[in-house]
A.B. asks: 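Okay, handing you the structure first.
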Amino acid sequence: MKEQNQPDYANWVPRKLLAVLGIAGGFLAFLFLLSFLLTDSGGVIILRILLAAAAVFVLLSWGYMAHARFLLSYEGGGVQGKILDNLLQYLDWDGNGKLLDIGCGSGALTIKAARKYPQAQVVGMDYWGAMWDYAQSQCEANARLEGVAGRTAFRKGDAAQLDFPDGHFDAAVSNFVFHEVQTQPDKLALIRESLRVLKPGAPFAFQDVFYSKRTYPDLMVMLTTLSKEVADLNFIDTRHNDFVPKFLKTPLIVGQMGLICGKK
Ligand SMILES: C[S@@+](CC[C@H](N)C(=O)[O-])C[C@H]1O[C@@H](n2cnc3c(N)ncnc32)[C@H](O)[C@@H]1O
């Protein structure tokens with residue numbers, strides 16, 4: 001395996017998604033061209049129109065996602081990093097003790113937290129599913145390259161059943177993870193599980209697609225319920241941050257972002 005010598009935080013638009021869209025678009029365009037080998041008839045013309053429309057739609061989606069990937073990337077627009085920096089601003093923590101990053105992906109937020117809080121021990125957990133360009137070894141290499149390997153640890157696990165005792169952590173963060181967790185469709189239960197591993201009074205900041213009606217059909221009810229279970233709860237609308245270009249503010253990328261923060 002090639003040794004990593006630069007941090008690699010990958011991208012929220014995975015390479016695999018672009019590959020699938022590119023191949024599907026190319027294949028539809030190929031079928032469209034092949035259709036000219038058929039003798040013209042009403043049915044063939046309708047087929048041609050459908051193939052052309054499908055190819056254009058898929059190739060435009062590919063173009064949108066490819067540009068979104070560039071804007072998000074650390075080498076391009078840098079938006080991913082700015083969104084994570086912004087999230088940490090909502091964590092009201094003195095940096096003493098242990099912080100958990102739930103669904104840490106490539107370790108980007110875990111490592112940012114470790115750099116922001118030089119006294120802290122920071123744990124990143126993830127199940128590192130096949131659809132993402134993320135891995136535990138990549139997190140460890142990133143932490144080493146960023147000089148925080150001694151204060152970070154990465155653990156494989158399921159956010160729906162965290163492998164830590166009650167009250168184990170002094171702070172917790174999570175970014176764009178809860179909607180991805182297939183093992184727990186009840187998002188209130190998932191947030192409660194995240195809070196379970198925190199000490200009473202410990203701060204948290206969780207960002208997700210809270211404005212997605214599909215994932216959070218009863219956001220206000222959920223927030224009201226949660227507010228009775230923790231010492232302090234705030235909801236922040238993070239959809240309109242001015243460091244995020246309009247191009248990315250669609251439901252496909254970051255147009256449904258919200259953040260809950262407070263103290264357990
Ligand atoms: C959009 S990525 C966000 C990664 C990272 N938090 C970031 O902001 O860069 C979603 C992450 O959720 C993780 N994930 C999905 N289901 C999970 C589960 N059941 N337990 C832990 N992590 C999970 C994925 O592996 C992926 O790393």
Side-chain angles (χ1 to χ4, degrees), residues 7-18 65 68-69 71-91 99-116 122-143 146 152-164 169 171-187 189-194 196-197 204-210 212 215 238 241 244 248 250-260:
D8 169 17
Y9 291 116
N11 200 288
W12 295 339
V13 176
R15 211 174 274 130
K16 285 169 198 141
L17 175 67
L18 282 188
M65 285 300 184
R69 183 178 159 92
L71 292 174
L72 288 168
S73 71
Y74 287 80
E75 311 75 38
V79 173
Q80 266 183 220
K82 291 176 194 168
I83 288 177
L84 298 179
D85 287 333
N86 188 57
L87 182 156
L88 285 178
Q89 288 193 29
Y90 289 100
L91 187 74
L99 176 146
L100 176 65
D101 176 13
I102 300 159
C104 63
S106 61
L109 180 59
T110 321
I111 291 166
K112 275 187 185 290
R115 293 179 66 140
K116 178 166 181 179
V122 185
V123 177
M125 68 75 55
D126 202 293
Y127 89 133
W128 290 295
M131 76 166 280
W132 300 98
D133 299 328
Y134 305 140
Q136 183 171 358
S137 55
Q138 173 191 22
C139 293
E140 286 160 356
N142 286 340
E146 299 279 18
T152 51
F154 295 93
R155 303 264 179 272
K156 194 174 174 77
D158 182 358
Q161 278 187 297
L162 291 169
D163 201 7
F164 302 102
F169 289 97
V173 291
S174 183
N175 187 61
F176 286 157
V177 174
F178 297 153
H179 69 284
E180 296 286 348
V181 175
Q182 309 295 316
T183 44
Q184 181 50 282
D186 177 349
K187 300 307 168 193
L190 189 58
I191 295 170
R192 281 182 175 139
E193 175 62 3
S194 304
R196 177 187 67 75
V197 299
F204 57 87
F206 303 142
Q207 185 156 246
D208 198 21
V209 294
F210 287 117
S212 158
T215 312
T238 44
N241 293 317
V244 179
L248 296 177
T250 69
L252 286 175
I253 310 290
V254 296
Q256 296 184 318
M257 280 197 301
L259 187 145
I260 56 178

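Order of appearance sets the numbers: ligands from 1, and atoms from 1 within every ligand. Source: prediction; values computed, not measured.
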A.B. asks: Which distance, rounded to the nearest 0.5 Å, do you find between the CD1 of I102 and the CZ of F178?
C.D. replies: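 The CD1 atom of I102 sits 5.0 Å away from the CZ atom of F178.
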A.B. asks: Against ligand 1, does I83 come closer than 4.0 Å with any heavy atom?
C.D. replies: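 Per 4.0 Å heavy-atom rule, I83 does not contact ligand 1.
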A.B. asks: Look at the side chain of D126 and the backbone N and O of C104, then say whether any donor-acceptor pair between them is shorter than 3.5 Å.
C.D. replies: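 Such a contact is found between D126 side chain and C104 backbone.
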A.B. asks: Within this structure, what is the CD-CD distance for the pair E140 and Q138, rounded to the nearest 0.5 Å?
C.D. replies: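 Between atom CD of E140 and atom CD of Q138 there are 10.5 Å.
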A.B. asks: For atom 3 (C) of ligand 1, what is the closest protein heavy atom, and at what distance to 0.1 Å?
C.D. replies: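 Ranked first by proximity to atom 3 (C) of ligand 1 is N175 O, 3.6 Å.
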A.B. asks: Closer than 4.0 Å to some heavy atom of V181 - which atoms of ligand 1 meet that?
C.D. replies: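 Close to V181: 16 (N), 17 (C), 18 (C), 19 (N).
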A.B. asks: Relative to atom 26 (C) of ligand 1, which among L87, D126, D158, D208 owns the nearest non-hydrogen atom?
C.D. replies: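 The residue whose heavy atom sits nearest atom 26 (C) of ligand 1 is D126.
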A.B. asks: I want to know if ligand 1 touches W12 in the polar sense, i.e. an N/O pair below 3.5 angstrom.
C.D. replies: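 Yes - when backbone and side-chain N and O of W12 are compared with those of ligand 1, one distance drops under 3.5 Å.
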A.B. asks: Could you tell me how the ring of Y134 sits relative to the ring of W132: parallel (under 30°), tilted (30 to 60°) or perpendicular (over 60°)?
C.D. replies: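 Parallel: the ring planes of Y134 and W132 meet at under 30°.
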A.B. asks: Can you name the atoms of ligand 1, numbered from 1 with element, that are less than 4.0 Å from a heavy atom of G103?
C.D. replies: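 The list of qualifying atoms is 4 (C), 5 (C), 6 (N), 22 (N).
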A.B. asks: Which residue owns the protein heavy atom closest to atom 10 (C) of ligand 1, what's the atom, and how far is it?
C.D. replies: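 Checked against all protein heavy atoms, atom 10 (C) of ligand 1 sits closest to F176 O, 3.4 Å.
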A.B. asks: Atom 15 (C) of ligand 1: which protein heavy atom is closest, and how many Å away?
C.D. replies: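 For this ligand atom, the closest protein heavy atom is Y127 CE2, 3.3 Å.
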A.B. asks: What residue among H179, K187, Q256 forms side-chain hydrogen bond (donor to acceptor under 3.5 Å, both in side chains) with D208?
C.D. replies: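 Filter result, single survivor: H179.
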A.B. asks: To which of T110, V177, T183 does the heavy atom nearest atom 12 (O) of ligand 1 belong?
C.D. replies: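 Among T110, V177, T183, the closest heavy atom to atom 12 (O) of ligand 1 belongs to V177.
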A.B. asks: Would you indicate whether the side-chain heavy atoms of I253 and V244 approach each other to under 4.5 Å?
C.D. replies: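 Counting from C-beta outward, V244 and I253 never come under 4.5 Å.
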A.B. asks: With atoms numbered from 1 as shown, which atoms in ligand 1 lie under 4.0 angstrom from a non-hydrogen atom of A159?
C.D. replies: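 Those qualifying, in numeric order: 18 (C), 19 (N), 20 (N), 21 (C).
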A.B. asks: List every atom of ligand 1 that sits less than 4.0 Å from any heavy atom of G157, numbering the atoms from 1 in the order shown and giving each element.
C.D. replies: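 That gives atoms 20 (N), 21 (C) of ligand 1.
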A.B. asks: Show which atoms of ligand 1 fall inside a sub-4.0 Å distance from at least one heavy-atom site of L84.
C.D. replies: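 That gives atoms 8 (O) of ligand 1.
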